[in-house]
Engineer: 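Quick one: structure below, then a few questions.
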Amino acid sequence: MSFLSDGPVDPARLLETVRRDGDGGLALFVGVVRDHNDGRRVDRLEYEAYGPMAEGEMARIAEELARAHPEAQVIFRHRVGALKVGEVAVAVAAAAPHRSEAFAACRAGIEAIKARVPIWKREFGPSGSTWVEPCGETGHGDESD
């Protein structure tokens with residue numbers, strides 16, 4: 001299974017994939033590119049990752065989520081490459097018998113991805129381009145918060 005995608009991420013498809021007949025709760029987080037960051041206009045973003053390292057860390061996160069939330073099933077994708085304002089950068093879908101489990105697993109998934117996965121972001125706007133520190137290092141500054 002690949003966690004990184006160089007094409008569009010379809011949150012509805014992730015929900016379809018994760019849902020089971022015994023699940024009464026579905027939770028979905030979708031992070032999209034917004035048109036500003038830290039008071040600057042943003043026209044587009046570029047996400048870069050060292051694929052093998054990022055995929056490995058995301059696989060570890062998936063395993064940890066399965067152990068920590070055994071009733072839930074979680075799936076996620078993160079986009080790499082150039083993205084325009086409004087495009088999906090990351091999506092996490094969780095399904096569980098009850099909503100509390102689905103919410104907890106979904107939140108744990110996105111928080112772990114943002115804190116641990118080596119994905120770098122460069123934002124482009126009228127004043128040029130800027131590399132943005134990963135969310136896990138600063139606690140803010142990510143287009144898909």
Side-chain angles (χ1 to χ4, degrees), residues 1-20 23 25-96 99-145:
M1 169 191 291
S2 179
F3 299 102
L4 298 175
S5 174
D6 60 2
V9 173
D10 182 357
R13 180 72 182 120
L14 294 180
L15 275 177
E16 288 174 18
T17 301
V18 76
R19 188 194 162 286
R20 304 164 295 189
D23 292 327
L26 300 175
L28 177 66
F29 173 83
V30 180
V32 299
V33 178
R34 62 179 180 253
D35 66 357
H36 67 281
N37 185 39
D38 286 340
R40 295 182 309 273
R41 190 173 108 202
V42 174
D43 295 324
R44 68 182 169 92
L45 294 179
E46 286 184 7
Y47 286 97
E48 293 184 15
Y50 175 61
M53 183 182 286
E55 290 281 355
E57 189 60 29
M58 292 174 101
R60 281 186 285 282
I61 290 168
E63 292 169 4
E64 291 168 10
L65 290 171
R67 283 192 305 274
H69 304 276
E71 295 295 317
Q73 184 165 310
V74 182
I75 189 169
F76 43 86
R77 296 283 183 280
H78 200 297
R79 181 94 182 263
V80 292
L83 285 81
K84 296 180 286 190
V85 171
E87 288 191 287
V88 175
V90 61
V92 178
R99 69 180 175 272
S100 61
E101 296 162 297
F103 278 130
C106 186
R107 178 164 192 125
I110 189 60
E111 296 298 342
I113 290 166
K114 291 297 176 185
R116 295 171 36 195
V117 179
I119 297 175
W120 300 275
K121 178 176 63 180
R122 190 172 180 181
E123 59 185 30
F124 294 81
S127 59
S129 66
T130 304
W131 286 100
V132 180
E133 290 186 49
C135 185
E137 292 181 22
T138 65
H140 64 85
D142 191 279
E143 291 306 300
S144 58
D145 280 346

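A quick note: this is a predicted structure, and the numbers were derived from the prediction, not measured. The first residue of the sequence shown is numbered 1, and numbering continues consecutively from there.
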Engineer: Please tabulate, one pair per line, all N/O donor-acceptor pairs under 3.5 Å involving side-chain atoms of residues 5-14, not counting sequence neighbours.
Structural biologist:
from	atom 1	to	atom 2	distance (Å)
Ser5	OG	Gly7	N	3.1
Ser5	OG	Gly7	O	2.8
Asp10	OD1	Ala12	N	3.1
Asp10	OD1	Arg13	N	3.4
Arg13	NH1	Glu16	OE1	3.4

Engineer: Nearest 0.5 Å, what's the CD1-NE2 distance between Ile113 and His78?
Structural biologist: 7.5 Å
Engineer: Using a 3.5 Å cut-off and no angle test, enumerate the donor-acceptor pairs between side-chain atoms of residues 124-132 and protein atoms at least two apart in sequence or in another chain.
Structural biologist:
from	atom 1	to	atom 2	distance (Å)
Ser129	OG	Arg122	NE	3.1
Ser129	OG	Arg122	NH2	2.8

Engineer: For Arg19, what residues pass the side chain to side chain contact (heavy atoms under 4.5 Å, CB included) criterion, not counting sequence neighbours?
Structural biologist: Asp21, Leu26
Engineer: Sequence neighbours left out, what passes side chain to side chain contact (heavy atoms under 4.5 Å, CB included) with Gln73? Give chain and number order.
Structural biologist: Val18, Arg20
Engineer: Between Ala54 and Ala49, what is the shortest heavy-atom contact and its length?
Structural biologist: CB-CB, 4.1 Å
Engineer: Which heavy-atom pair separates Asn37 from Val42 by the least distance, and what is that distance?
Structural biologist: N-CG2, 3.9 Å
Engineer: Can you sort out the partners of Glu57 under salt bridge (charged side-chain N to carboxylate O under 4.0 Å, His left out), two or more places apart, ordered by chain and number?
Structural biologist: Arg60, Arg116
Engineer: So which atom in Cys106 and which in Leu28 form the shortest heavy-atom distance, rounded to 0.1 Å?
Structural biologist: SG-C, 3.9 Å
Engineer: Sequence neighbours left out, what passes salt bridge (charged side-chain N to carboxylate O under 4.0 Å, His left out) with Arg79? Give chain and number order.
Structural biologist: Glu87
Engineer: How close do Ala93 and Leu15 get, heavy atom to heavy atom, and via which atoms?
Structural biologist: CB-CD2, 3.9 Å
Engineer: With sequence neighbours left out, what residues match Ala105 under side chain to side chain contact (heavy atoms under 4.5 Å, CB included)?
Structural biologist: His69, Ala72, Val74, Ala94
Engineer: Mind checking the CD-NE2 spacing from Glu123 to His36? Nearest 0.5 Å is all I need.
Structural biologist: 10.5 Å
Engineer: How close do Leu83 and Gly81 get, counting heavy atoms only, and between which atoms?
Structural biologist: CD1-O, 3.2 Å
Engineer: State which residues pass salt bridge (charged side-chain N to carboxylate O under 4.0 Å, His left out) with Arg99; sequence neighbours excluded, sorted by chain then number.
Structural biologist: none
Engineer: State which residues pass side chain to side chain contact (heavy atoms under 4.5 Å, CB included) with Phe3; sequence neighbours excluded, sorted by chain then number.
Structural biologist: Met1, Glu55, Met58, Ala59, Ala62, Phe76
Engineer: As a quick check of understanding, evaluate side-chain contact (heavy atoms from CB on, under 4.5 Å) for Val88 and Val32, giving each step before the final call.
Structural biologist: CA-CA 4 Å; Val88 175; Val32 299; 4.2 Å; yes
Engineer: Check side chain to side chain donor-acceptor pair (under 3.5 Å) between Glu71 and all other residues, then give those that pass, not counting sequence neighbours.
Structural biologist: none
